[in-house]
Chemist: 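Structure below; questions to follow.
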2 protein chains.
Amino acid sequence: MDFATHLTSNNIKPSLQRIKIFEYLYENRDHPTVETIYSDLVGAIPTLSKTTVYNTLKIFIDNGITHTVTIEDNEVRYDAIMEEHAHFKCNDCGNVFDVEIDVSGLNFKEIKSFKVEKTNIYLKGKCNKCLNKIN
Amino acid sequence: MDFATHLTSNNIKPSLQRIKIFEYLYENRDHPTVETIYSDLVGAIPTLSKTTVYNTLKIFIDNGITHTVTIEDNEVRYDAIMEEHAHFKCNDCGNVFDVEIDVSGLNFKEIKSFKVEKTNIYLKGKCNKCLNKIN
DNA sequence: TATAAAATTGTAATGATTACAAATTTAGAT
DNA sequence: ATCTAAATTTGTAATCATTACAATTTTATA
Ligand SMILES: [Mn+2]
Ligand SMILES: [Mn+2]
Ligand SMILES: [Zn+2]
Ligand SMILES: [Zn+2]
């Protein structure tokens, strides 16, 4: 995966900050927050500003190479994987996992008259590791 | 539906504010925000405080008679209908509709090892009214 | 009625996000 | 290589939702 090329082919000029932020998102599939992205990258890019992280993520979203994960009402997470998938958050460890899902099995009623453009599925519970943990 | 009784049977003392807020939520199925609830009720309860709305909704949620709808990353909506259902937000008019859904058709993979306690399904697109509107 | 507990209220504090203008970097023309 | 304009990044201030907290009011009980 050539990140600069990916940005360019999506009409985003590949500045250093943009490449590093996208690379971070693509490598770290744990759906980080702005705070996490910033604090993990500011070491490698000492001049990095949190405003740039916000601006850059907005550009990514507007150009369709990133989306938000709002599984919790008090934190916005970001995800560069655009293939359709669901999310599972463990109430114990707080981790957010990707979940493969087959939405074709979904059966709606009102939906006949609506035009659905995006489907978000958020699951919560206990992850495998936390289930097998001794308390 | 006797709201005071409903609160009492869920271990919530039925104060005037709590009754009115729950009644509002139950009658207005459009998933209002704190701001909407407050501004719509302050006429009838002139002493009402926004803090009370926040406190009361937290009590409702902790006692399982209300839940949040976080279909948008910049607004928290509230819902007193606890029967399982999905939500659809129209990108045009902004309304959030209830959607009957059969989650039994959902087919997961990783889920085998996870314990799912809650499922939230959020859909976005265009509602019937906006689809048939002339622009 | 007197007293204590519970609920409500108003204000201040916090934290995330956005607005905005200055500084820096980039790209193109000469 | 130098100049200039546009784009990008940065830092700070403003905004907005939510929470903390102490004072006030209401409710329950003796
Ligand atoms: Mn994901
Ligand atoms: Mn609903
Ligand atoms: Zn876990
Ligand atoms: Zn609509």
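Chain letters run A, B, ... following the sequence lines, proteins first and then strands; every chain starts at 1.
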Chemist: Mapping B/Y38 and A/E75 to their closest nucleotides on DNA chain C, which lands nearer the 5' end?
Modeler: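 Result: B/Y38.
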
Chemist: Remember a base hit wins even if backbone is also touched, and classify B/Q17 as base, sugar-phosphate or nothing at under 4.0 Å, heavy atoms.
Modeler: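 Touches sugar-phosphate only.
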
Chemist: Starting from the C-alpha separation in whole Å, work towards a yes-or-no answer on ring pair (Phe, Tyr, Trp, His ring centres under 6.0 Å) for B/F97 and A/F114.
Modeler: CA-CA 10 Å; B/F97 304 91; A/F114 293 171; 5.2 Å; yes

Chemist: What is the separation between atom CD1 on A/I45 and atom P on C/dT24, rounded to the nearest whole Å?
Modeler: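 Taking atom P of C/dT24 as the reference, CD1 of A/I45 is at 18 Å.
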
Chemist: Check B/K124 with B/E72, please: is the shortest side-chain N to carboxylate O separation under 4.0 Å?
Modeler: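 Yes.
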
Chemist: Can you see if the side chain of A/S49 gets near the phosphate of D/dT9 - specifically, an N or O under 4.0 Å from OP1 or OP2?
Modeler: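 Checking A/S49 against D/dT9: no side-chain N or O falls below 4.0 Å of OP1 or OP2.
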
Chemist: What integer distance in Å separates A/N55:CG from C/dA21:P?
Modeler: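 These atoms are roughly 15 Å apart.
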
Chemist: Can you work out whether B/D73 or B/K50 has the more 5'-proximal nearest nucleotide on DNA chain C?
Modeler: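 Between the two, 5'-proximity favours B/K50.
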
Chemist: Can you work out whether B/N74 or B/T51 has the more 5'-proximal nearest nucleotide on DNA chain D?
Modeler: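 Whichever sits nearer the 5' end wins; that is B/N74.
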
Chemist: Please give, in whole Å, the distance from D/dT9 C1' to A/L41 CG?
Modeler: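 Distance, rounded to whole Å: 15 Å.
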
Chemist: Starting at NZ of A/K20 and ending at P of D/dT9, how long is that distance when rounded to a whole Å?
Modeler: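 Nearest whole value for this atom pair: 14 Å.
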
Chemist: Rounded to whole Å, please give me the gap between CD in B/E72 and P in D/dA17.
Modeler: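 Going from B/E72 (CD) to D/dA17 (P), I get 14 Å.
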
Chemist: Does the distance from a Lys or Arg side-chain N to an Asp or Glu carboxylate O, for B/E117 and A/K89, drop under 4.0 Å?
Modeler: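 Here B/E117 does not pair with A/K89 in a salt bridge, since their nearest N and O are not under 4.0 Å apart.
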
Chemist: Mind calculating the distance between CG (A/L48) and C1' (C/dA23) to the nearest angstrom?
Modeler: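 Nearest whole value for this atom pair: 16 Å.
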
Chemist: Any side-chain N or O of B/S15 below 4.0 angstrom from OP1/OP2 of C/dT8?
Modeler: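 Affirmative; the distance criterion is met.
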
Chemist: Regarding B/K13, tell me which of base, sugar-phosphate or nothing describes its non-hydrogen contacts under 4.0 Å with the strands shown.
Modeler: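 Sugar-phosphate, backbone atoms only, no base.
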
Chemist: A quick test of your reading: do over 12 heavy atoms of other residues, nucleotides or ligands sit less than 6.0 Å from NZ of B/K133?
Modeler: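 Count over threshold, so yes.
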
Chemist: Taking atom C1' of C/dT14 as reference, at what distance in whole Å does atom OH of B/Y54 sit?
Modeler: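 Rounded to the whole Å, the gap is 13 Å.
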
Chemist: Using distance alone, with no hydrogens and no angle criterion, decide if A/H31 and A/N95 have a side-chain donor and acceptor under 3.5 Å apart.
Modeler: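 A/H31 vs A/N95: no donor-acceptor pair found between side chains.
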
Chemist: Could you check how far CG of B/L57 sits from C1' of C/dT8, rounded to whole Å?
Modeler: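 For the pair B/L57 CG and C/dT8 C1', the rounded distance is 15 Å.
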
